[in-house]
Amino acid sequence: MKAPARPPFRARLRAFFRPPRTLSVTKTGRTYLVVTFGVGLGALNTGNNLLYLLLGLLLSMVVVSGVLSERCLRDLTVRRVGADAAFAREPFPYRWAVSRKAGHGFALVLSEDLSPLVGTGRVGHLPAGRELVVRADLAAPRRGPVRLSGVRVTTTWPLGLFAKTRVFSLEGTLLVYPRRGYACREPGPAETGPQGETGSPRHHDGTGDVAGLRELAPGEDARRIHWKKSAAAGRLLKVEREREERRTWRLSLDAGLRGEALERRCEEVAAQAHQLLDAGHEVGLQLPEHTLRPAAGASQERRILQALAWVGFEDVDASTKQEAA
């Protein structure tokens, strides 16, 4: 599997020759133009001065719309904030920051240009001298690194007749994690179970079920004192709780998987890791060219998701990997 290091040559060539602004006609705009054309024909055929006046008014509104929309897109500054975590085929929150030095912006729609990300963010009014964070729910069709080339800003202000677009060139890379879908099979037996004091349910220093009460020793944490029982007994009693049982799994990704089989296995491993880590267990990952030692917690899940997202994209250069981290 080849990594999408850069957009296709045709897309880059089209972006190079693209004018600084693009203009498209909305549905309302098409109706408006048809009406204007009809009024123009009527004025030419009848010579009615009122129709000429109406035609001039309609054409002047087109000019006003073009001038105001251009002013709306001027002096804009856009930067990409990005996403905390992006999962394939799931909506994920995404952010841009937009500001302008002078004037006001209206009805701005932001999206990623020339990328497979689907979704837009909207801001109704952008005052001068203030930076607004625009949020959107985007979706990515598949996992892996996604090359970002620019941000599109579109406005239909003031009349909604035309959609004028300006593209801000912003290079970047978004790493899309595999979807944590349904796991069709169990992760298998645990590699290690309770060992020593760390995993023994008889070790009374955890946060599990109540195991009993005992007198508080000097220097111990007072936050576990049972004040009601202590008041009845006339001395400080500490609540002892069982330590939760923690097991260790080492998930693996078979070598030689390609295409949809690889995608399904990545999603399954991601789902298994999420379930096990959420239950408080330790999870490691064995990949054909990479190994993660077992650990617990949200940071370990993020490491596993990152490792799964890069499977099949090992040819990407180091700068792109650092950019996507």
Side-chain angles (χ1 to χ4, degrees), residues 81-87 90-95 133 135 137 175-253 265-287 290-310 325:
V81 181
D84 296 331
F87 293 89
E90 292 180 6
F92 57 88
Y94 197 84
R95 299 180 296 275
V133 176
R135 294 174 173 81
D137 287 333
L175 184 62
V176 179
Y177 299 152
R179 185 182 61 168
R180 296 175 299 185
Y182 176 74
C184 299
R185 56 182 177 178
E186 297 294 328
E191 190 174 78
T192 58
Q195 291 182 354
E197 293 184 346
T198 301
S200 174
R202 297 186 296 275
H203 187 68
H204 299 159
D205 195 21
T207 57
D209 297 333
V210 176
L213 298 172
R214 68 170 176 81
E215 189 170 356
L216 183 71
E220 286 189 320
D221 190 357
R223 289 176 295 181
R224 292 197 173 185
I225 294 177
H226 196 301
W227 295 105
K228 188 174 180 180
K229 294 290 184 182
S230 298
R235 62 184 190 278
L236 295 178
L237 298 177
K238 174 187 176 183
V239 179
E240 288 189 323
R241 295 180 179 274
E242 294 180 347
R243 174 165 290 184
E244 296 81 356
E245 184 178 354
R246 174 177 291 184
R247 298 177 183 273
T248 301
W249 272 267
R250 192 182 298 272
L251 306 177
S252 63
L253 204 64
R265 181 55 184 160
C266 286
E267 292 178 2
E268 190 172 53
V269 171
Q272 292 172 344
H274 176 71
Q275 294 172 1
L276 294 173
L277 290 170
D278 191 51
H281 301 297
E282 294 184 346
V283 180
L285 181 63
Q286 180 66 51
L287 299 177
H290 186 54
T291 301
L292 286 178
R293 293 186 299 177
S299 58
Q300 176 69 358
E301 182 177 4
R302 195 175 190 89
R303 286 190 287 269
I304 291 175
L305 292 173
Q306 288 178 345
L308 292 173
W310 283 113

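The shown structure was predicted, so the numbers you read here are calculated from the model rather than taken from an experiment.
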*Could you tell me which non-hydrogen atom of L251 sits nearest to which non-hydrogen atom of A273, and how far apart they are?*
CD1-N, 3.7 Å
_Rounded at 0.5 Å granularity, tell me how far OG1 in T291 sits from CG in L285._
8.0 Å
_Residues L305, F87; criterion side chain to side chain contact (heavy atoms under 4.5 Å, CB included); working and verdict_ = CA-CA 9 Å; L305 292 173; F87 293 89; 3.7 Å; yes
*Minimum heavy-atom separation for A270 to P178, with atom names?*
CB-CG, 4.1 Å
*Give a yes-or-no answer on whether the side chains of Q300 and R303 include a donor-acceptor pair shorter than 3.5 Å.*
yes
*Return the minimal non-hydrogen interatomic distance between V269 and S252, and the atom names on each side.*
CG2-O, 3.9 Å
_Closer than 3.5 angstrom, by distance alone: can the side chain of E301 be matched with the main-chain N or O of V283 as a donor-acceptor pair?_
no
*Can R95 and D84 be said to form a side chain to side chain contact (heavy atoms under 4.5 Å, CB included), step by step?*
CA-CA 10 Å; R95 299 180 296 275; D84 296 331; 3.4 Å; yes
*Identify the heavy atoms of F92 and A83 that sit nearest to each other, and give their distance.*
CD1-CB, 3.9 Å
_Any side-chain heavy-atom pair of V239 and L213 under 4.5 Å_ = yes
*asked:* As an exercise, state the distance from CD1 of I225 to CG of L216, rounded to the nearest 0.5 Å.
replied: 5.0 Å
*If you look at every heavy atom in A296 and L277, which pair is closest and at what distance?*
CA-CD2, 3.9 Å
*Starting at OG of S230, measure out to CG of L236 and round the result to the nearest 0.5 Å.*
5.0 Å
*Please round to the nearest 0.5 Å and tell me the distance separating atom CD of Q275 and atom CD of Q272.*
7.5 Å
*Looking at CG of L308 and CZ of R179, how far apart are the two atoms once the value is rounded to the nearest 0.5 Å?*
14.0 Å
*Whether H281 side chain and R247 backbone form a donor-acceptor pair below 3.5 Å*: yes
*Residue pair E282 / W249, side-chain heavy-atom distance below 4.5 Å*: no
*How far apart are the closest heavy atoms of A85 and R302, and which atoms are they?*
CB-NH1, 4.3 Å
*asked:* Run L175 and W310 through side chain to side chain contact (heavy atoms under 4.5 Å, CB included) and show every step you take.
replied: CA-CA 8 Å; L175 184 62; W310 283 113; 3.4 Å; yes
_Side chain E215, main chain R235, donor-acceptor under 3.5 Å_ = no
*Criterion side chain to side chain contact (heavy atoms under 4.5 Å, CB included) on V81 and Y94, from CA distance to verdict*: CA-CA 8 Å; V81 181; Y94 197 84; over 6 Å; no
